[in-house]
Protein chains: 2
Amino acid sequence: MTTIKDIAKIAGVSVATVSRVINESGYVNVDTRKKVEEAINVMNYSPNEVARSLYKRKSKLIGLLLPDITNPFFPQLARGVEDLLQENGYRLIFGNSDENEDKELDYIRTFVQNNVIGVISSTNFPDSDTYHKLKIPIVFLDRTSNESPSVYADGREGGRIAAREIILRGSKRITILQGPAHIKPAQDRFQGAIEVLEELGMTYDVIQTSSFSYGEAGKWAKELFDKHTDTDGVIASNDIVATAILQEAHRLGKAVPQDVQIIGYDDTPLSSLLSPSLSTIRQPAYDMGREAAGLLIRLIEQDKVEDSIIQLPVSFVERETTRTII
Amino acid sequence: MTTIKDIAKIAGVSVATVSRVINESGYVNVDTRKKVEEAINVMNYSPNEVARSLYKRKSKLIGLLLPDITNPFFPQLARGVEDLLQENGYRLIFGNSDENEDKELDYIRTFVQNNVIGVISSTNFPDSDTYHKLKIPIVFLDRTSNESPSVYADGREGGRIAAREIILRGSKRITILQGPAHIKPAQDRFQGAIEVLEELGMTYDVIQTSSFSYGEAGKWAKELFDKHTDTDGVIASNDIVATAILQEAHRLGKAVPQDVQIIGYDDTPLSSLLSPSLSTIRQPAYDMGREAAGLLIRLIEQDKVEDSIIQLPVSFVERETTRTII
DNA sequence: GTAACGAATGTAACCGGTTACACACTTGGA
DNA sequence: TCCAAGTGTGTAACCGGTTACATTCGTTAC
């Protein structure tokens, strides 16, 4: 490996001068600069970030913690984060937490051990000691915590919209899928939907679910139509679950949206590809990722940061699993 | 930040002794060890990986380069990689290359700058200088390069299976979607399918595509049914494209699989959730990721590694977009 | 003529670990 | 009794950068 010493020797200068050239700091004579730059080019040298990081006590690394990249909502988020960071010269250490606090703690620890300069986390435990004790900037993504910097979409409003739209389009016996209890945004959207239904004095049923996994979604779909045969509107906990409902409805010979309307949540790419395509509440996942990265960069590079809590709008995406308003 | 010096001071020993305790190397008296361990616990100390990495010239970091995490095939791969690495104490620096050689080069460079100890890459340029010059172990994932360690599924055989199955199930006028020219596995599966069609002397049509993006897939679906109205069997370049075809067939009032059979590729999670669910060629993405990680770990930790080229089997997953064999 | 300052460069300490080496003490066998 | 080997611990060099500080030289101002 080529080191700064090698470059110094080739260029006939000291390491300090090479460092000055690399970092464009201090005084360097133009001719000296040329010699050094030439040596750098010849040797195709790039400085060791580890050595830098050790001295400066900070790196260009940022930790990203997501529950499960396999859930189609998260690749969008991750991509948004990665794109903006990459454009700004930062790199990502990435981990899946599986919503598991121990795994999360373990990752945060190794992030710190690697001198990461900031963390973006989709955690269910934003108020845990782990995060409070962190001395580096942290942005909660798709999750919130009182005063801490965070980027999220308005889940409660999303739930409200879903309920309003499905009612507006004529469903009378609505069933709501309640997402996993420990996932805050899932509960927010659930609460939002409930609120509207209560306000309008509608009767409704609830099916509990405990994950967003592909594998189990089918089970809840079966349970739903089993228990609530006459349901004519389903507000799903996310697009995966909505897809399973759609499939099950199909299997049972129920016409969608004529017999049952279905509204998903997230607007993952798959939802537009289904037949019929899925009406859903859109969260701007990619933008959320970008915003989170942008906010983190600001927190890292600036003294004062305003608007460190960013809420992005959700919207109803009308497709084919809901009826048109008459 | 707590350093090894702090611990040494608290425990009343030298840093060398603390280091010996941490790394379980050399001689340490039991009582001394206890004192040190106590100090470590009290201070909740964990050693700085950056300092370690600098001295040892290697870290616990591994670079992972994927084309686009947003393509639903890759999260599975990534998850497989991450799971096995995490279990073995390694961490991941992650980047999206967009199949772009410059971006790839840039990532590889920063991987090296950060003393990564190995790289897993899904690249279209495995034989480029960038990789040849790398002095650390590298595993090509979902891609191959002559003698270099790689993990992939048999694309040609996948293509052959797809063609055989669709013919076996009665399609006479088959259209093949040819994936992006620069993506090797896409061409492999295309070639495999062509081979079988030629061997059996069947006529067929080809539609060129230039990406796997959701956005453009619809366009090719339209083009397909526009140009080849009478096609009764479509071999898609992957599941995303297959989904778009399915949707378009639906829109045109063609019955699937009665009028047109469709076979996808990858068996991404979405394919089982469609209605009708998608028959496809399964690549064991998660396992591919795990295998790649396992192979890389072996390359890192062992002197000699046998079987450094791992080919995983593909299989036909029969669902509802193909007819049953009579 | 010289004090003051800017430009250019080098020396060496430092970041937080690991480890080669030196040294002291114990133990056991010849 | 003496030496070799084993045990236990500390000192300091080292990894590859950055930077505080010292030094030298040339120019300008008084």
Side-chain angles (χ1 to χ4, degrees), chain A residues 1-37 39-40 43-61 89 109-117 135-136, chain B residues 1-37 39-40 43-61 89 109-117 135-136:
Chain A
M1 192 176 54
T2 318
T3 73
I4 197 170
K5 275 183 203 151
D6 302 325
I7 301 299
K9 193 167 290 173
I10 295 172
V13 298
S14 74
V15 292
T17 300
V18 177
S19 180
R20 284 188 199 104
V21 171
I22 296 171
N23 298 294
E24 305 185 49
S25 62
Y27 294 113
V28 181
N29 185 287
V30 269
D31 294 336
T32 312
R33 158 162 290 125
K34 263 190 203 114
K35 278 191 295 180
V36 172
E37 278 166 351
I40 289 176
M43 301 302 291
N44 191 24
Y45 165 77
S46 46
N48 184 318
E49 280 296 333
V50 176
R52 267 190 180 163
S53 165
L54 179 58
Y55 183 84
K56 298 200 154 189
R57 288 207 209 69
K58 44 170 119 162
S59 65
K60 297 294 257 177
L61 296 174
R109 191 164 41 71
T110 61
F111 287 170
V112 171
Q113 285 182 300
N114 283 285
N115 285 7
V116 300
I117 199 183
K135 292 189 198 68
I136 47 176
Chain B
M1 193 176 53
T2 318
T3 73
I4 198 171
K5 275 184 202 151
D6 301 326
I7 301 298
K9 192 166 291 175
I10 295 172
V13 299
S14 74
V15 293
T17 301
V18 177
S19 180
R20 285 186 198 106
V21 171
I22 296 171
N23 297 295
E24 305 185 51
S25 63
Y27 293 113
V28 181
N29 183 288
V30 270
D31 294 336
T32 312
R33 158 163 290 124
K34 263 191 202 114
K35 276 192 296 181
V36 172
E37 279 167 351
I40 289 176
M43 301 300 294
N44 192 25
Y45 166 77
S46 46
N48 183 319
E49 281 296 334
V50 175
R52 267 190 180 162
S53 166
L54 179 59
Y55 183 84
K56 298 200 153 188
R57 289 207 210 68
K58 44 171 122 161
S59 65
K60 296 294 255 174
L61 296 174
R109 191 163 42 73
T110 60
F111 287 170
V112 171
Q113 286 182 299
N114 283 286
N115 285 8
V116 300
I117 198 182
K135 294 191 195 67
I136 48 175

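Every chain is numbered from 1 and lettered A, B, ... according to where its sequence line falls, protein lines coming before strand lines.
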* Under 3.5 Å, is there a donor-acceptor pair between the B:Asn23 and B:Ser19 side chains? -> yes

Quick check: closest heavy atoms across [X] and [Y], and the distance to 0.1 Å?
X       : Y       : answer
B:Ala8  : B:Val15 : CB-N, 3.8 Å
A:Met1  : A:Asp6  : O-OD2, 3.7 Å
A:Asp31 : A:Asn29 : N-OD1, 2.8 Å

* Please list residues of residues 17-25 of chain A whose heavy atoms come under 4.0 Å from any atom in DNA chain C, ordered by number; otherwise none. => A:Thr17, A:Arg20

Short heteroatom pairs, N/O only, protein and nucleotides 4-7 of chain C, under 3.5 Å:
residue: C:dA7; atom: OP2; partner: A:Tyr27; partner atom: OH; Å: 2.1

* **Straight-line distance of A:Thr17 OG1 to A:Ile7 CD1, nearest 0.5 Å** => 13.0 Å

* Asked: In Å, rounded to the nearest 0.5 Å, how long is the span from CD1 of A:Ile22 to CD1 of A:Ile4?
  -> 4.5 Å

* To do: Mind running a 4.0 Å heavy-atom check of residues 47-61 of chain A against DNA chain D and sending the residues that fall below it, in number order?
  =>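 Nucleic-acid contacts, sorted: A:Pro47, A:Asn48, A:Ala51, A:Arg52, A:Tyr55, A:Lys56.
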
* Residues two or more places apart in sequence or in another chain: which of them pass side-chain contact (heavy atoms from CB on, under 4.5 Å) with A:Ile136? ->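 Counting only residues at least two positions away or on another chain, A:Ile136 forms a side-chain contact (heavy atoms from CB on, under 4.5 Å) with A:Val116, A:Val119, A:Leu134.
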
* Check the pair A:Val13 / A:Val36 against side chain to side chain contact (heavy atoms under 4.5 Å, CB included), numbers first and verdict last. => CA-CA 8 Å; A:Val13 298; A:Val36 172; 4.0 Å; yes

Heavy atoms, side chains only, cut-off 4.5 Å: are [X] and [Y] in contact?
X        : Y        : answer
B:Thr2   : B:Asn44  : no
A:Ser53  : A:Val50  : no
A:Leu61  : A:Asn115 : no
A:Arg109 : A:Gln113 : yes

* Asked: Quick check: are there more than 12 heavy atoms from other residues, nucleotides or ligands sitting under 6.0 Å from NZ of A:Lys60?
  -> yes

* Between B:Arg52 and B:Glu49, does a salt bridge (charged side-chain N to carboxylate O under 4.0 Å, His left out) hold up when you go through it step by step? -> CA-CA 5 Å; B:Arg52 267 190 180 162; B:Glu49 281 296 334; 3.1 Å; yes

* Outermost DNA chain D nucleotides near chain B [under 4.0 Å, heavy atoms] -> D:dG6 to D:dG16

* If each of A:Met1 and A:Ala16 is mapped to the nucleotide of DNA chain D with the nearest heavy atom, which maps nearer the 5' terminus, i.e. the 5' end? -> A:Met1

* **Rounded (10°) bend between the five-pair end axes of the helix from C:dG1-D:dC30 to C:dA30-D:dT1** => 60°

* To do: Decide yes or no on side chain to side chain contact (heavy atoms under 4.5 Å, CB included) for B:Arg33 and B:Glu37, but give the supporting numbers first.
  => CA-CA 6 Å; B:Arg33 158 163 290 124; B:Glu37 279 167 351; 3.5 Å; yes

